[in-house]
Amino acid sequence: MWAYFLRRLLYAVPILFGVSLVVFSLFHLVGGDPATLLLGKHATAERVAMVRAELGLDRPMYVQFGDYLREVVTFDFGKSYTTREDIRDKISHGIWPTLWLSVPAFFLTAILSLSIALVVAYFRGTIIDRAAVIFFVLLMSLPSLAYILFGQYILAAYKGWFPISGYGASFQEKVYYLSLPVLISIFLNLGSDIRFFRNSIIEEINQDYVRTARAKGLNESLVYLKHVLKNSMIPVITYVVIQIPYLVLGSLLLESFFSIPGIGGMTVEAVNNSDFPVLKAMTTVISVLYILTTILTDVFYRMVDPRMSFGKRG
Amino acid sequence: MWQTALKKVFKKKMPLFCASIIIFFLAVAFACQFLGLASTWDAPIGAQYLPPAFTTFDMWLGTDILGRSVMYKVIQGTRIALSVGIITAILAAPIGIFFGMVSGYFGGFIDDVIVWFITTLSSIPSILLIIAISYSMGRGMTAVYIALTATSWIALARILRGEVLKHKQREYLIAAESIGVGHGQRIFKHLLPNVTHQIILSMTFMVEIAIRSEVLLSYLGLGVQNLPSWGKMIDDAKGELSTGVWWQLTGATVAMFFLMFAINVLGDYVRDALDPKAHS
């Protein structure tokens, strides 16, 4: 297992290099001149040259790429263009509000959709199943921005059941402000999650071993709860775990609509302010987390699923 | 395989219903593009924010901040949504097909490089990649197309690579090789027809994801400029709801909802019909 883990970590190095290359070329080669963007179109050539020198943009590309690689390795991304804040501080402050929103939403969505999917799959082929499937496709067909706009307007502004937006320091305040965004977040993912879980469970029900279990006279609910549930967890866990890196990104839309001072809201703000270093840092950090999570997931699988080995091409 | 599957799908009512929705949207988009339907969306038809009224067709969904017909904007939005979706799918599919097939077929060093590239791109959250690309390209339609294409081909390439790896072991390819059929012919004449269903399904979902992403890009101000896309309309609505103007948001949401629903359901039915392990 450790050998496998180390091999995966080694393989992550070229991936990380690839990510750095893509991000660097997007922001440096293709993306216009940040100095002009910062100063506006009417800035004098001298001012632009000065800012370029200040930002280190006048040096050769490979030096800048080297600098960026150093930033990636040390996680020190310099300062924001607009607020002059240290980006590492910015991210470490923003991460908590984001996690307060995304972690409860993530667990509640997973538990809720898995329970509903189990019930729906149990009634597979009946009218209940068909109605449920159509209903969940309806849920996932609505644009996410519409959920947020209608939710915020109807439940908060119009009915007054929830605060319109905000964030607080104490736990009570957090619950008070975050319950509506968490609720909306659950609805945003519920449809597609249930559909996927239902299909994974039903795929497992159609396996031969289930038929064997039934044939030897095993009680139907025992087959369902013991054998099917356990085996269908593999695709379900993959699906859930793969979302973990995105918890850090949070929801761009939810955070900016509910004025939650997290990473997602910061990203939106950085887009609006043309704050390249912040965008670059966000992209890099989240990609690194993504790579690490995938490795951990794969190791975890091989521990859980005896059919997979830690072998070379496994 | 295709004929029987399609026959199976269209025996049922639901997929027929969804297909007619999609054809209706396509017809509307076609009429906008070539027959000048709702081409006067830019001209005011009355005072600002008139509520919906069933007097004339252009008033069914009221007016927007500039007194323009929301109905006409929704109709023009159909054209924009479908062109974003379809152009993205048409641009992304060949890239995905090429990398997926080549990688799975040749294996070895080529495969390693392509897999590295695919893994690299999919390690960057697609929304950040889309933001970064449309940022770098400047605002406007072209940037939207390029950004969405750049992220859409990856899933297809990965699926096709897996499919080709499966097919490589099959007798028909080994037979083709043994009678001296060249690589190009083996890939395009023998392999490609066997993975077409995967390509079509992926393209359907590319259309869906592209239309959804356009809304997000519009919210970030990186989307389609100066044209009434659904994303832009939904984005405009964020300031309007609190003043009681609900029709612009509702119009765009409902239109988008029907298209997304039809694509999703039809895609599901087709996939089930093609899948030997159908979910039922």
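None of these values were measured; they are calculated from a predicted model. Just so it is clear: chains get the letters A, B, ... in the order the sequence lines come, proteins before strands, and each one is counted from 1.
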Handout entry: chain A contact via B:Leu259 - side chain, backbone, both or neither, heavy atoms under 4.5 Å
Key = neither

Fill in the blank from the handout: If one checks every heavy atom of A:Thr293 against chain B at 4.5 Å, the contacting part turns out to be neither

Fill in the blank from the handout: Scored by heavy-atom pairs under 4.5 Å with chain B, the best of A:Val268, A:Leu138, A:Thr283, A:Val22 is A:Leu138

Exercise for the section: Could you look at B:Ile131 and say if it's the side chain, the backbone, both or neither that has a heavy atom under 4.5 Å from chain A? Expected result: side chain

Handout entry: Least distance between heavy atoms, A:Phe257 atom then B:Tyr219 atom
Key = CE1-CE1, 3.6 Å

Problem - 4.5 Å side-chain heavy-atom contact, B:Asn264 and A:Arg195 - result: yes

Exercise for the section: Would you check if A:Pro143 and B:Trp230 make a side-chain contact, meaning some heavy-atom pair closer than 4.5 Å? Expected result: no

Handout entry: From CD1 (A:Ile134) to CE (B:Met14), nearest 0.5 Å
Key = 4.0 Å

Exercise for the section: Verify the distance criterion only: is there a donor paired with an acceptor across the side chains of B:Ser122 and A:Tyr290 at less than 3.5 Å? Expected result: no

Practice task
Determine the minimum heavy-atom distance between A:Ser141 and B:Phe261, stating which atoms define it.
Solution key: OG-CA, 3.2 Å

Handout entry: Verdict with supporting geometry, A:Leu26 and B:Leu129, side chain to side chain contact (heavy atoms under 4.5 Å, CB included)
Key = CA-CA 9 Å; A:Leu26 273 177; B:Leu129 197 58; 3.9 Å; yes

Practice task
Taking all heavy atoms of A:Gly18 and all of B:Thr120, pick out the closest pair and write down the distance.
Solution key: C-CG2, 3.2 Å

